[in-house]
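Excluded from the calculations below are hydrogen atoms, water molecules and symmetry mates; all remaining heavy atoms, backbone and side chain alike, are included.
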Amino acid sequence: YRALGVQGSSVVLARIRGVLTEVVRAELAFTKRADPEKMIPRSAAIHVVVDALVSIILWWVEKNPNLSPSEVDTIFRRMMIPAIDGASLA
């Protein structure tokens, strides 16, 4: 990641964000639309989840490379699942 330099890492991150956006969009396609009082745009939720995932991956690589993928996944899910479960997506 760092070896790519600023320009190269920007290209890689853009590609990763694109792939993750499609995966998250597919996953959130099945979320509830229950409470109009809590309604948020689905596209906003997708953007937030993708940004959080990219951020946690960068945090892992840069600050905590000794964590296992499973540990990082657990951290991510503990932060994001309550947020998504509490939302009603439009």
A.B. asks: Is there a path of hydrophobic side-chain contacts, each under 4.5 Å between heavy atoms of I, L, V, M, F, W or Y residues, that connects V23 with I16?
C.D. replies: no
A.B. asks: Supply the atom-to-atom distance N64 CG to N66 CG, rounded to the nearest 0.5 angstrom.
C.D. replies: 8.0 Å
A.B. asks: Please name all residues satisfying side-chain contact (heavy atoms from CB on, under 4.5 Å) with D73, sequence neighbours left out, ordered by chain then number.
C.D. replies: R77
A.B. asks: For the atom pair CD1 (I40) and CD1 (I84), what is the distance rounded to the nearest 0.5 Å?
C.D. replies: 6.0 Å
A.B. asks: Within a strict 4.5 Å, meaning less than it, do heavy atoms of the M79 and I56 side chains meet?
C.D. replies: yes
A.B. asks: Quick check: do H47 and V24 have side-chain heavy atoms less than 4.5 Å from each other?
C.D. replies: no
A.B. asks: Indicate if V50 and W59 have the same hydrophobic cluster label, given that clusters are the connected sets of ILVMFWY residues with side-chain heavy-atom separations under 4.5 angstrom.
C.D. replies: yes
A.B. asks: Is the backbone of L67 close enough, under 3.5 Å, to the side chain of W60 for a donor and an acceptor to pair up by distance?
C.D. replies: yes
A.B. asks: Answer with yes or no whether the hydrophobic clustering places I75 together with L58; edges join I, L, V, M, F, W, Y residues whose side-chain heavy atoms lie under 4.5 Å apart.
C.D. replies: yes
A.B. asks: Can you hop from F76 to V54 via hydrophobic side chains spaced under 4.5 Å?
C.D. replies: yes
A.B. asks: Looking at residues at least two apart in the chain, or sitting in another chain, which of them share a salt bridge (charged side-chain N to carboxylate O under 4.0 Å, His left out) with E22?
C.D. replies: R25
A.B. asks: Taking only residues two or more places apart in sequence or in another chain, which ones pass side chain to side chain donor-acceptor pair (under 3.5 Å) with S68?
C.D. replies: E71
A.B. asks: Could you walk me through whether M80 and V48 pass the side-chain contact (heavy atoms from CB on, under 4.5 Å) test, one step at a time?
C.D. replies: CA-CA 9 Å; M80 293 311 301; V48 167; 4.2 Å; yes
